Protein chains: 2
Amino acid sequence: MTRWLDEDELRAWLRLAGVMLKLSAALDSQLQRDSDLTHFDYLCLAMLSESDERRLAMSELAARTNASLSRLSHVISKLEGRGWVARTPSPRSRRVTLVDLTEEGWKVLVAAAPGHVETVRSLVFEGLSRDDVAALERVAGHIVDRIEGTP
Amino acid sequence: MTRWLDEDELRAWLRLAGVMLKLSAALDSQLQRDSDLTHFDYLCLAMLSESDERRLAMSELAARTNASLSRLSHVISKLEGRGWVARTPSPRSRRVTLVDLTEEGWKVLVAAAPGHVETVRSLVFEGLSRDDVAALERVAGHIVDRIEGTP
DNA sequence: CCTCACTAGTTGAAGTTTCAAGCGTTGAGG
DNA sequence: CCTCAACGCTTGAAACTTCAACTAGTGAGG
């Protein structure tokens, strides 16, 4: 027997589903319009910029951006084509590919960041109390944990 | 001057971004595996099934599924090809297209629902308190409202 | 009545993501 | 040493989404 969602859960679920569809669309469209970047492109550049030497192995970057290696590989090829990242073989192991953020890529990220952060602030955090932010972190963390615990 | 996110906001934001990427991927993959349906396909069938006469105009369905008309049109063509929905011109206005859920489509939805609900329950609600559910609804509602208020 | 801006929907191409298959590398066990 | 399964990554095709352009119908204002 299926345990259906009760009334409260259903309302919460529909809103969460709305957030997933609309928020990611809104972020994509702002970044696309202002910086010719996908939200996922942005995430890649941002993760690289925050790592030591601004460089990461493909697998590590895939993990940090929650993406499949295949998706990442295609996107990195695109970004590489634009000169924003560069692939270099790892000296450590010949099957590892390292991705570097180039100076160009860094500039693109720096130029895109303010608009993106502004959008996130205005769509998500504006008008949210401290408690709301804490609850958001707690609940979102819970969901991510459950997903990662169920492969 | 950009107002950056503070520490708490940043943590909450990274988790929320994780939810958007991972939860929708998880839902898609469960539905794809078990019922050969996209989460968006499922939403279309579900919205139709809950409406009067199991029929809606394209625009109305687009609004309820948070999709562009173009995206919807392509997907409805696919579902129509499988015999799960049918397009009929509206008697009210010749530019309106109505979409009906067919008997076949209804069966597909009924077959897919338990597994989908089970997945949602297990990834989202299992282990969440009443208060958490309320907070989720409140915060998610807040975000959706802000997006809809900023077109 | 017209006109014209707007609405509803479709379409094809371009861009993105997934899927499945494949290639070379590594390392644990025999 | 070998072997072979697992790892890290890439690739091409298929599936999906977006984008821009387009058809056609509607209705408010003149």
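We name chains A, B, ... by the order of the sequence lines, and we start the count at 1 in each one. It should be emphasised that the depicted structure is a prediction, and the values quoted were computed from it without experimental measurement.
Candidate nucleotides dT10(D), dT10(C), dT25(C) were compared by shortest atom distance to the side chain of S93(A), and dT25(C) ranks first.
Regarding M58(A), its CE atom lies at a distance of 17 Å from the P atom of dT25(C), rounded to whole Å. In this structure, OH of Y42(A) is placed 18 Å from P of dT16(C), rounded to the nearest angstrom. Taking atom CG on N66(A) and atom C1' on dT18(C), their separation rounds to 16 Å, with Å as the unit. Between the CG atom of L56(B) and the P atom of dA8(C) there is a distance of 14 Å, given to the nearest Å. Atom CZ in R33(B) sits roughly 13 Å away from atom P in dA20(C) (whole-Å rounding). Look at CZ on R92(B): it is 16 Å from C1' on dG27(D), rounded to the nearest Å. Atom CG of D28(A) is separated from atom P of dG15(C) by 16 Å (rounded to the nearest Å).
F40(A) has its side chain within reach of R71(A): a pair of non-hydrogen atoms, C-beta onward, lies under 4.5 Å apart.
Of the two residues contacting DNA chain C, namely L69(B) and R94(A), the nearest-nucleotide position lying further toward the 5' end is that of L69(B).
R64(B) has a carboxylate O that lies under 4.0 Å from a charged side-chain N of E60(B), or vice versa, which qualifies the two as a salt bridge. Look at E126(A) and R121(A) and you find no salt bridge, because none of the NZ, NE, NH1 or NH2 atoms lies under 4.0 Å from a carboxylate O. Using a 4.0 Å cut-off between charged side-chain N and carboxylate O, E7(A) and R11(A) make a salt bridge. Look at R130(B) and D6(A) and you find a salt bridge, because one of the NZ, NE, NH1 or NH2 atoms lies within 4.0 Å of a carboxylate O, short of that distance.
Residue side chain R95(B) reaches the base of dT7(C) through a donor-acceptor N/O pair under 3.5 Å, judged by distance alone.
In this structure, CG in L123(A) is found 9.0 Å from NE2 in H142(B), a value given to the nearest 0.5 Å.
For the strand DNA chain C, secondary-structure stems (runs of at least three Watson-Crick or G-U pairs, all distances below 3.5 Å) span C:1-30 with D:1-30.
Paired with W84(A) under the rule side chain to side chain contact (heavy atoms under 4.5 Å, CB included), one option of L48(A), D41(A), I76(A), L37(A) passes, and it is L37(A).
R95(A) and S90(A) share no side-chain donor-acceptor pair at under 3.5 Å.
As judged by a 4.0 angstrom heavy-atom cut-off over every strand, S73(A) is placed among the base-contacting residues. When heavy atoms are screened at a 4.0 angstrom cut-off, R87(A) is found touching the sugar-phosphate backbone but no base atom.
Residues satisfying the side chain to side chain contact (heavy atoms under 4.5 Å, CB included) criterion with T88(A), sequence neighbours excluded, are R55(A), L98(A), D100(A).
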Heavy-atom contacts, protein to nucleotides 16-23 of chain D, under 4.0 Å, summarised as B (base), S (sugar-phosphate only) or - (none) per nt, yield SSBB----

